[in-house]
Amino acid sequence: MDTIFSKILRKEIPAKIVYEDDVCLAFHDVSPQAPVHVLLIPKKPIVNLTAATKDDERILGHLMVKAAEVAALCGAKEFRLVSNSGETVGQSVFHLHFHILAGRKLGWPPG
Ligand code: 5GP
(Lines give C-alpha, C1' and ligand atoms only; values in the text may rest on other atoms or scores of the structure.)
Protein backbone atom coordinates (compact mmCIF):
# COMPACT_ATOMS: atom_id res chain seq x y z
CA MET A 1 0.00 0.00 0.00
CA ASP A 2 1.45 3.34 -1.02
CA THR A 3 -0.60 6.49 -0.46
CA ILE A 4 0.03 10.21 -0.48
CA PHE A 5 0.60 9.88 3.28
CA SER A 6 3.38 7.31 2.70
CA LYS A 7 5.08 9.93 0.55
CA ILE A 8 4.65 12.53 3.29
CA LEU A 9 6.10 10.06 5.83
CA ARG A 10 9.11 9.48 3.57
CA LYS A 11 9.41 13.29 3.16
CA GLU A 12 9.08 12.86 -0.62
CA ILE A 13 6.38 15.53 -0.69
CA PRO A 14 6.22 18.48 1.68
CA ALA A 15 3.83 18.87 4.57
CA LYS A 16 3.58 21.36 7.41
CA ILE A 17 4.59 19.05 10.25
CA VAL A 18 3.28 19.82 13.73
CA TYR A 19 4.63 16.81 15.62
CA GLU A 20 6.64 13.66 14.94
CA ASP A 21 7.90 10.74 16.99
CA ASP A 22 8.84 7.15 16.27
CA VAL A 23 5.19 6.03 16.09
CA CYS A 24 3.27 8.90 14.50
CA LEU A 25 3.30 12.06 12.44
CA ALA A 26 0.96 15.06 12.62
CA PHE A 27 0.71 17.64 9.85
CA HIS A 28 -1.68 20.32 8.64
CA ASP A 29 -4.40 19.20 6.23
CA VAL A 30 -3.85 20.65 2.75
CA SER A 31 -7.54 21.61 2.57
CA PRO A 32 -8.41 22.83 6.08
CA GLN A 33 -12.06 22.66 7.17
CA ALA A 34 -11.47 24.63 10.37
CA PRO A 35 -8.84 27.10 11.67
CA VAL A 36 -7.07 24.06 13.15
CA HIS A 37 -7.20 20.99 10.89
CA VAL A 38 -4.34 18.60 11.51
CA LEU A 39 -4.01 14.98 10.44
CA LEU A 40 -2.51 12.52 12.91
CA ILE A 41 -1.26 9.30 11.32
CA PRO A 42 0.61 6.21 12.46
CA LYS A 43 3.90 5.50 10.73
CA LYS A 44 2.70 1.93 10.31
CA PRO A 45 0.59 1.77 7.13
CA ILE A 46 -2.71 0.61 8.68
CA VAL A 47 -5.51 1.14 6.12
CA ASN A 48 -8.17 2.33 8.58
CA LEU A 49 -9.76 1.44 11.92
CA THR A 50 -11.63 -1.44 10.29
CA ALA A 51 -8.31 -2.98 9.28
CA ALA A 52 -6.61 -2.40 12.64
CA THR A 53 -5.96 -5.50 14.75
CA LYS A 54 -5.12 -6.33 18.36
CA ASP A 55 -1.45 -5.99 17.39
CA ASP A 56 -2.14 -2.29 16.74
CA GLU A 57 -3.49 -1.54 20.24
CA ARG A 58 -0.30 0.17 21.40
CA ILE A 59 -0.20 2.37 18.29
CA LEU A 60 -3.88 3.29 18.59
CA GLY A 61 -3.48 4.14 22.27
CA HIS A 62 -0.46 6.27 21.44
CA LEU A 63 -2.44 8.18 18.81
CA MET A 64 -5.28 8.85 21.27
CA VAL A 65 -2.89 10.25 23.85
CA LYS A 66 -1.04 12.33 21.24
CA ALA A 67 -4.27 13.82 19.79
CA ALA A 68 -4.76 16.16 22.74
CA GLU A 69 -1.06 17.04 22.79
CA VAL A 70 -1.09 17.90 19.10
CA ALA A 71 -4.28 19.96 19.53
CA ALA A 72 -2.59 21.83 22.39
CA LEU A 73 0.49 22.47 20.21
CA CYS A 74 -1.94 24.17 17.80
CA GLY A 75 -3.44 26.24 20.62
CA ALA A 76 -6.63 24.19 20.97
CA LYS A 77 -7.90 22.92 24.32
CA GLU A 78 -11.15 21.73 22.76
CA PHE A 79 -11.16 19.75 19.55
CA ARG A 80 -12.99 17.15 17.51
CA LEU A 81 -11.29 13.90 16.55
CA VAL A 82 -12.63 12.16 13.43
CA SER A 83 -11.52 9.07 11.56
CA ASN A 84 -13.37 8.10 8.40
CA SER A 85 -13.13 4.32 8.06
CA GLY A 86 -14.30 3.41 4.56
CA GLU A 87 -15.25 5.12 1.33
CA THR A 88 -18.98 5.52 2.04
CA VAL A 89 -18.28 7.51 5.22
CA GLY A 90 -15.77 9.80 3.53
CA GLN A 91 -12.36 8.12 3.60
CA SER A 92 -10.31 9.23 0.60
CA VAL A 93 -6.77 8.35 1.71
CA PHE A 94 -6.35 4.71 2.72
CA HIS A 95 -3.75 5.17 5.42
CA LEU A 96 -5.31 5.47 8.89
CA HIS A 97 -5.61 9.08 10.00
CA PHE A 98 -7.37 11.12 12.62
CA HIS A 99 -8.59 14.60 11.76
CA ILE A 100 -8.02 17.04 14.64
CA LEU A 101 -10.47 19.90 14.11
CA ALA A 102 -10.73 23.02 16.25
CA GLY A 103 -10.92 26.80 16.26
CA ARG A 104 -14.55 27.29 15.26
CA LYS A 105 -17.99 26.12 16.37
CA LEU A 106 -18.58 22.70 14.83
CA GLY A 107 -22.07 21.43 14.06
CA TRP A 108 -23.50 18.05 15.01
CA PRO A 109 -24.50 15.67 13.50
CA PRO A 110 -21.90 15.77 10.73
CA GLY A 111 -23.20 15.79 7.15
P1 5GP B 1 -10.25 11.48 4.47
O2 5GP B 1 -11.14 12.05 3.38
O3 5GP B 1 -9.57 10.23 3.98
O4 5GP B 1 -10.93 11.29 5.79
O5 5GP B 1 -9.14 12.56 4.75
C6 5GP B 1 -8.05 12.74 3.91
C7 5GP B 1 -7.54 14.13 4.14
O8 5GP B 1 -6.25 14.22 3.57
C9 5GP B 1 -8.39 15.23 3.49
O10 5GP B 1 -8.87 16.11 4.51
C11 5GP B 1 -7.44 15.91 2.52
O12 5GP B 1 -7.61 17.30 2.46
C13 5GP B 1 -6.08 15.52 3.07
N14 5GP B 1 -5.03 15.44 2.07
C15 5GP B 1 -5.10 14.80 0.88
N16 5GP B 1 -3.94 14.91 0.22
C17 5GP B 1 -3.10 15.63 1.03
C18 5GP B 1 -1.75 16.07 0.88
O19 5GP B 1 -1.07 15.83 -0.11
N20 5GP B 1 -1.23 16.79 1.91
C21 5GP B 1 -1.96 17.07 3.04
N22 5GP B 1 -1.35 17.79 3.99
N23 5GP B 1 -3.24 16.67 3.21
C24 5GP B 1 -3.80 15.95 2.20
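Each residue takes its place number in the sequence, starting with 1. Just so you know, ligand 1 is whichever comes first in the structure, and atom 1 is the first atom listed for that ligand.
Judged as a salt bridge (Lys or Arg N to Asp or Glu O under 4.0 Å), and not counting sequence neighbours, Asp29 has no contacts. Every salt bridge (Lys or Arg N to Asp or Glu O under 4.0 Å) that Glu57 has, sequence neighbours left out, goes to Lys54. Residues satisfying the salt bridge (Lys or Arg N to Asp or Glu O under 4.0 Å) criterion with Glu78, sequence neighbours excluded, are absent altogether.
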Can you produce the list of protein nitrogen or oxygen atoms under 3.5 Å from a nitrogen or oxygen of ligand 1, alongside each distance?
from, atom 1, to, atom 2, distance (Å)
ligand 1, 2 (O), Gly90, O, 2.8
ligand 1, 2 (O), Ser92, N, 3.3
ligand 1, 2 (O), Ser92, OG, 2.8
ligand 1, 3 (O), Ser92, N, 2.7
ligand 1, 3 (O), Ser92, OG, 3.3
ligand 1, 3 (O), Val93, N, 3.0
ligand 1, 3 (O), His97, NE2, 2.9
ligand 1, 4 (O), Asn84, ND2, 2.8
ligand 1, 4 (O), His97, NE2, 3.0
ligand 1, 4 (O), His99, NE2, 2.8
ligand 1, 5 (O), His97, NE2, 2.9
ligand 1, 5 (O), His99, NE2, 3.2
ligand 1, 10 (O), Asp29, OD1, 3.3
ligand 1, 10 (O), Asp29, OD2, 2.5
ligand 1, 12 (O), Asp29, OD1, 2.5
ligand 1, 12 (O), Asp29, OD2, 3.4
ligand 1, 22 (N), His28, O, 2.9
ligand 1, 22 (N), Val30, N, 3.4
ligand 1, 23 (N), Val30, N, 3.3

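For the atom pair OG1 of Thr53 and CG of Leu60, the computed distance is 8.5 Å after rounding to the nearest 0.5 Å.
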Given Lys43 and Leu9, is the side chain to side chain contact (heavy atoms under 4.5 Å, CB included) satisfied, shown in steps? CA-CA 7 Å; Lys43 291 195 166 172; Leu9 279 168; 3.8 Å; yes
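Ring planes of Phe27 and Phe5: perpendicular class, angle over 60° (limits at 30 and 60°).
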